[in-house]
Amino acid sequence: MNTNKTILSILDKFKPAKQAVKLNVVQDIYDLYDSLRDSYDMTSYYANERLEELQNEFFEVANPIRLEIDEMAINGMPRFLEEEGEKMQALVGELENKAEELGIDPSELIQGYDEIIFMVDNYEALYSDFIRLYRETIRQTGNNDFL
């Protein structure tokens, strides 16, 4: 019987450790509960309503912008700048040659001549900047490239 008492006393020593393990699991559950609840509630909020609302809000804001970009590229005046600049450059060159032959200052013949010269001198750089920014914009917005 001494052996039985010895074994029981040894098992009794491990009993509190076993209960402590059980209590640690319970405490771990309580410790994680608030974080799990917060994560669950926020995930539920986004999964069940907010992400759809955000998509709708984005579409309401982005769609008019995307339409304006497409409209400008398809029907807007910027698409004609390069061609019209080239034509005006040729006409101004012709005017200057003829005015020089006649000894006349071209600015005396055409009202707004200085502005025309400014645009002729700068249209290529402006159009280049425009195309670069247009392509950057359509890359970011997902628009098609119509230029």
Side-chain angles (χ1 to χ4, degrees), residues 7 9-147:
I7 292 174
S9 73
I10 292 172
L11 288 175
D12 282 340
K13 289 180 186 176
F14 289 108
K15 191 174 184 181
K18 186 177 179 184
Q19 288 176 345
V21 169
K22 286 182 184 177
L23 292 178
N24 283 341
V25 169
V26 170
Q27 187 60 47
D28 289 347
I29 288 172
Y30 281 128
D31 290 345
L32 187 57
Y33 173 76
D34 288 337
S35 179
L36 174 64
R37 169 57 65 197
D38 291 345
S39 295
Y40 187 91
D41 288 347
M42 184 171 279
T43 303
S44 175
Y45 168 67
Y46 279 97
N48 293 318
E49 62 183 284
R50 186 62 182 147
L51 284 174
E52 190 172 312
E53 289 172 355
L54 288 171
Q55 289 175 6
N56 291 335
E57 289 173 23
F58 179 80
F59 182 76
E60 287 174 15
V61 171
N63 195 47
I65 294 169
R66 293 183 74 197
L67 289 174
E68 180 178 343
I69 292 166
D70 285 350
E71 179 65 24
M72 174 272 308
I74 295 169
N75 297 318
M77 294 307 294
R79 80 175 302 117
F80 304 111
L81 178 61
E82 192 172 42
E83 180 182 341
E84 291 173 346
E86 289 172 2
K87 287 179 184 177
M88 183 62 79
Q89 194 172 36
L91 289 172
V92 165
E94 185 179 338
L95 173 67
E96 288 177 349
N97 287 338
K98 291 182 179 186
E100 186 178 335
E101 289 174 8
L102 297 172
I104 303 171
D105 184 354
S107 63
E108 293 176 8
L109 298 172
I110 296 179
Q111 187 175 1
Y113 184 74
D114 291 338
E115 182 181 11
I116 292 169
I117 293 301
F118 177 83
M119 289 186 286
V120 165
D121 289 345
N122 294 292
Y123 81 90
E124 290 174 306
L126 177 61
Y127 190 74
S128 177
D129 288 345
F130 166 75
I131 291 296
R132 180 183 51 78
L133 289 169
Y134 170 75
R135 298 249 157 77
E136 182 180 318
T137 301
I138 63 170
R139 229 182 353 268
Q140 292 177 2
T141 60
N143 284 52
N144 292 317
D145 189 344
F146 291 109
L147 295 174

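All values reported here derive from a predicted model rather than from experimental measurement.
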Open item on the list: Taking the side chain as everything from C-beta on, heavy atoms only, tell me whether Ile117 gets closer than 4.5 Å to Glu96.
Closed with: yes

Open item on the list: According to side chain to side chain donor-acceptor pair (under 3.5 Å), does anything in residues 130-140 pair up with another residue at least two apart or in another chain? List the pairs.
Closed with: Arg135-Asp145

Open item on the list: For Leu147 versus Ala73, what's the shortest heavy-atom pair and its separation?
Closed with: CD2-O, 3.6 Å

Open item on the list: Atom CD of residue position Glu100 - does it have more than 12 heavy atoms of other residues, nucleotides or ligands inside 6.0 Å?
Closed with: no

Task: Side-chain donor or acceptor of Asn122 paired with backbone N/O of Phe118 under 3.5 Å - done: yes

Task: Stepwise side chain to side chain contact (heavy atoms under 4.5 Å, CB included) check, Tyr113 with Val92 - done: CA-CA 9 Å; Tyr113 184 74; Val92 165; 3.7 Å; yes

Task: Smallest separation among heavy atoms of Tyr127 and Pro78, with atom names - done: CE1-O, 3.3 Å

- [ ] To the nearest 0.5 Å, tell me how far Met72 CE sits from Arg79 CZ.
- [x] 10.0 Å

Open item on the list: Just verifying a value: how many Å separate Asp41 CG and Leu36 CG, rounded to the nearest 0.5 Å?
Closed with: 9.0 Å

Task: Neighbour count above 12 (heavy atom, 6.0 Å) for Glu49 CD - done: yes

TODO: Any chance you could measure Asp121, atom CG, to Ile116, atom CD1, to the nearest 0.5 Å?
DONE: 12.0 Å

Task: Met42 side chain reached by Arg50 side chain, heavy atoms, under 4.5 Å - done: no

Open item on the list: Could you report the tightest heavy-atom contact between Arg66 and Thr141, atom names first, then the distance?
Closed with: NE-O, 3.3 Å

Open item on the list: How about CD on Glu53, more than 12 heavy atoms from neighbouring residues, nucleotides or ligands closer than 6.0 Å, or not?
Closed with: yes

- [ ] Report yes if some heavy atom in the side chain of Phe58 is under 4.5 Å from a heavy atom in the side chain of Gln55; otherwise report no.
- [x] no

TODO: Let me know which of Met88, Gln89, Glu84 forms a side chain to side chain contact (heavy atoms under 4.5 Å, CB included) with Tyr123.
DONE: Gln89

Open item on the list: Under a 3.5 Å cutoff, is there a donor and acceptor pairing between the side chains of Glu52 and Asn56?
Closed with: no

Task: Pairwise side-chain contact, Tyr46 with Leu54, heavy-atom cut-off 4.5 Å (strictly under) - done: yes

Open item on the list: Given 3.5 Å as the limit, does a donor-acceptor pair link the side chain of Ser39 with the main chain of Ser35, or not?
Closed with: yes

Open item on the list: Apply side chain to side chain donor-acceptor pair (under 3.5 Å) to residues Gln27 and Asp31 and explain how you reach the verdict.
Closed with: CA-CA 6 Å; Gln27 187 60 47; Asp31 290 345; 2.8 Å; yes

